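Beneath this line is the structure, given in structure tokens, with notes to follow.
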Amino acid sequence: MNTREDKILTSENGEEHDKESHGKEGSICGFDSLNQLLSSSLKPQVYQEVTRLLQGLNCGKPLESVALPDSATTLSSNHGFDLKAFSFHADKELMREPRIVRVGLIQNSIALPTTHPFLDQKRAIIQKLKPIIEAAGASGVNILCLQEAWTMPFGFCTREKSWCEFAEPVDGESTQFLRGLAQKYNMVVVSPILERDVNHGETIWNTAVIIGNHGNIIGKHRKNHIPRVGDFNESTYYMEGNTGHPVFETAYGRIAVNICYGRHHPLNWMGFGLNGAEIVFNPSATVGELSEPMWPVEARNAAIANSYFVGSINRVGTEVFPNPFTSGDGKPQHTDFGHFYGSSYFSAPDASCTPSLSRHRDGLIISDMDLNLCRQYKDKWGFRMTARYDLYADMLAHYVKPDFAPQIITDPLLKKV
């Protein structure tokens, strides 16, 4: 890889920034997040009403914050990552005990500039995440999910094949690192990586590896939908996945992984729901200019429509690459995607959601969730019973045929002169 000779700043979290084009990374008017901006700017009564409209109510009440152990907050303070925790309740039932699971999401920036040797970059990220994972373990997290392609910079914008070197087998270095921590903390870990499928001609996939709480590999899921928009030229690196919509039954509940761009496809969310998911993770890498207005909406809609919890993760920071690239959209060549805006959060079946993590800092967000809420909202709204899967199946069966014709009924008067 070539090194850059122009004006570069390296921030303390390892990100490179052009001095002239990048200011303070990613805050909103100096605030970590929209929620922090609102809470600092509004009177308490007004803030309470605004958050009711923006974040909903859980069982008729605002979400409660959860106190975490000193060991976790100390790690957060010492390593400078955002740490938040909340609790989703369900109504008390007469015939079932609560099914409370503690779930965590980690967002992070890269640890070294993209000009450093690849192995150094990867291992620096692994070491950077270790104290954040340890904070999750110390907090009693049962299921933890990392961000999309967490072991590497998101080099897919460049179309340079050298980034394929970060690909590894399902049981590779990152999985071995996480297996030990999963076993140590009795924690299920979802690890999204760039997978090298050595049994099939070294084909590369965008894959989430599911590691059980005993350190075992439960299985994997490969990203179903590949973007072809703006800088996201990911089809250069891997194909659409071939694993369907698997749901993994773990010690703590049934989980699934809708990787990044799949969040834009309602039927993809539905597939995991039909297979019985109670929690669906959406590990992502997306930038503000492209998608930020969508970010608070899509996962929350999916949680409502499919009666499950959703954990949405986005990476953080501006990743600057050594060689300029273009997007085919008429913009001048450039060396970065833009700002990955973090803002990871949880959504619940009852339309409530947590405040998000920081827009520009590494972070860990934790949520206690009573999985009984999933069935309670299926019963309340009856979406599964009132859906017309027979009609949808018939429509789709016709749509995929070459001779498909849209069902359009034209006003006959439109054809009269």
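These numbers come from a predicted model, not from an experiment. Just the heavy atoms: all of them, side chains too, but no hydrogens, waters or symmetry mates, feed the values below.
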Minimum heavy-atom separation for [X] to [Y], with atom names?
{"X": "Cys145", "Y": "Ile313", "value": "O-CD1, 3.4 Å"}
{"X": "Ala72", "Y": "Ser139", "value": "CB-OG, 3.2 Å"}
{"X": "Ala302", "Y": "Trp269", "value": "CB-CD2, 3.2 Å"}
{"X": "Ile259", "Y": "His221", "value": "CD1-O, 3.8 Å"}

Do [X] and [Y] sit within salt-bridge range, that is, some charged N less than 4.0 Å from a carboxylate O?
{"X": "Arg263", "Y": "Glu298", "value": "yes"}
{"X": "Glu240", "Y": "Arg228", "value": "yes"}
{"X": "Lys331", "Y": "Glu289", "value": "yes"}
{"X": "Lys122", "Y": "Asp120", "value": "no"}
{"X": "Glu319", "Y": "Arg315", "value": "yes"}

Ring geometry between His225 and His265 (parallel below 30°, tilted from 30 to 60°, perpendicular above 60°):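 It falls in the parallel class, under 30°.
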Parallel, tilted or perpendicular: ring planes of Tyr261 versus His264, cut at 30 and 60 degrees: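 Perpendicular: the ring planes of Tyr261 and His264 meet at over 60°.
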Close side-chain approach of Val103 to Val141, heavy-atom, < 4.5 Å: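 No, their side chains stay 4.5 Å or more apart.
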Minimum side-chain heavy-atom gap Tyr345-Gln55 below 4.5 Å: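 Side-chain contact under 4.5 Å: no.
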Between Phe404 and His398, ring centroids under 6.0 Å: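 For Phe404 and His398, the ring centres are not under 6.0 Å apart.
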Backbone N/O of [Y] and side chain of [X]: donor-acceptor pair under 3.5 Å:
{"X": "Gln107", "Y": "Arg361", "answer": "yes"}
{"X": "Asp362", "Y": "Ser109", "answer": "yes"}
{"X": "Ser358", "Y": "His360", "answer": "yes"}
{"X": "Asn233", "Y": "Cys157", "answer": "yes"}
{"X": "Ser347", "Y": "Cys353", "answer": "no"}
{"X": "Ser77", "Y": "Thr73", "answer": "no"}
{"X": "Asn314", "Y": "Ser344", "answer": "no"}
{"X": "Ser27", "Y": "Asp32", "answer": "no"}
{"X": "Glu234", "Y": "Pro227", "answer": "no"}
{"X": "Gln147", "Y": "Ala285", "answer": "no"}

Trp150: partners by side-chain hydrogen bond (donor to acceptor under 3.5 Å, both in side chains), with sequence neighbours left out: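 Result, side-chain hydrogen bond (donor to acceptor under 3.5 Å, both in side chains) vs Trp150: Ser191.
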side-chain hydrogen bond (donor to acceptor under 3.5 Å, both in side chains) contacts touching residues 247-256 (sequence neighbours left out):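 Non-adjacent pairs meeting side-chain hydrogen bond (donor to acceptor under 3.5 Å, both in side chains): Asn186-Tyr252.
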Does a donor on one side chain sit under 3.5 Å from an acceptor on the other, for [X] and [Y]?
{"X": "Asn258", "Y": "Asn282", "answer": "no"}
{"X": "Thr151", "Y": "Ser174", "answer": "no"}
{"X": "Ser33", "Y": "Asn35", "answer": "no"}
{"X": "Asn206", "Y": "Glu148", "answer": "yes"}
{"X": "Trp163", "Y": "Thr158", "answer": "yes"}
{"X": "Arg222", "Y": "Asn242", "answer": "yes"}
{"X": "Tyr341", "Y": "Ser291", "answer": "yes"}

Partner set under salt bridge (Lys or Arg N to Asp or Glu O under 4.0 Å) for Glu49, not counting sequence neighbours: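 Expected list: Arg52.
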Matching residue for Phe232 among Phe156, Phe337, Tyr237 - test: ring-ring contact (aromatic ring centres under 6.0 Å, His included):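 That would be Phe337.
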Pairs satisfying ring pair (Phe, Tyr, Trp, His ring centres under 6.0 Å), at least one member in residues 46-94, at least two apart: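 Matches after skipping sequence neighbours: Phe88-Phe309.
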Ring pair (Phe, Tyr, Trp, His ring centres under 6.0 Å) partners of residues 164-186, not counting sequence neighbours, each pair once: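 Every pair satisfying ring pair (Phe, Tyr, Trp, His ring centres under 6.0 Å) with a residue in residues 164-186: Phe118-Phe166.
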OH/Tyr399: more than 12 non-hydrogen atoms of other groups inside 6.0 Å: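 Counting other residues, nucleotides and ligands, OH of Tyr399 stays at 12 neighbours or fewer.
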Salt bridge (Lys or Arg N to Asp or Glu O under 4.0 Å) partners of residues 337-359, not counting sequence neighbours, each pair once: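 Applying salt bridge (Lys or Arg N to Asp or Glu O under 4.0 Å) to every pair that reaches into residues 337-359, excluding sequence neighbours, yields Glu292-Arg359.
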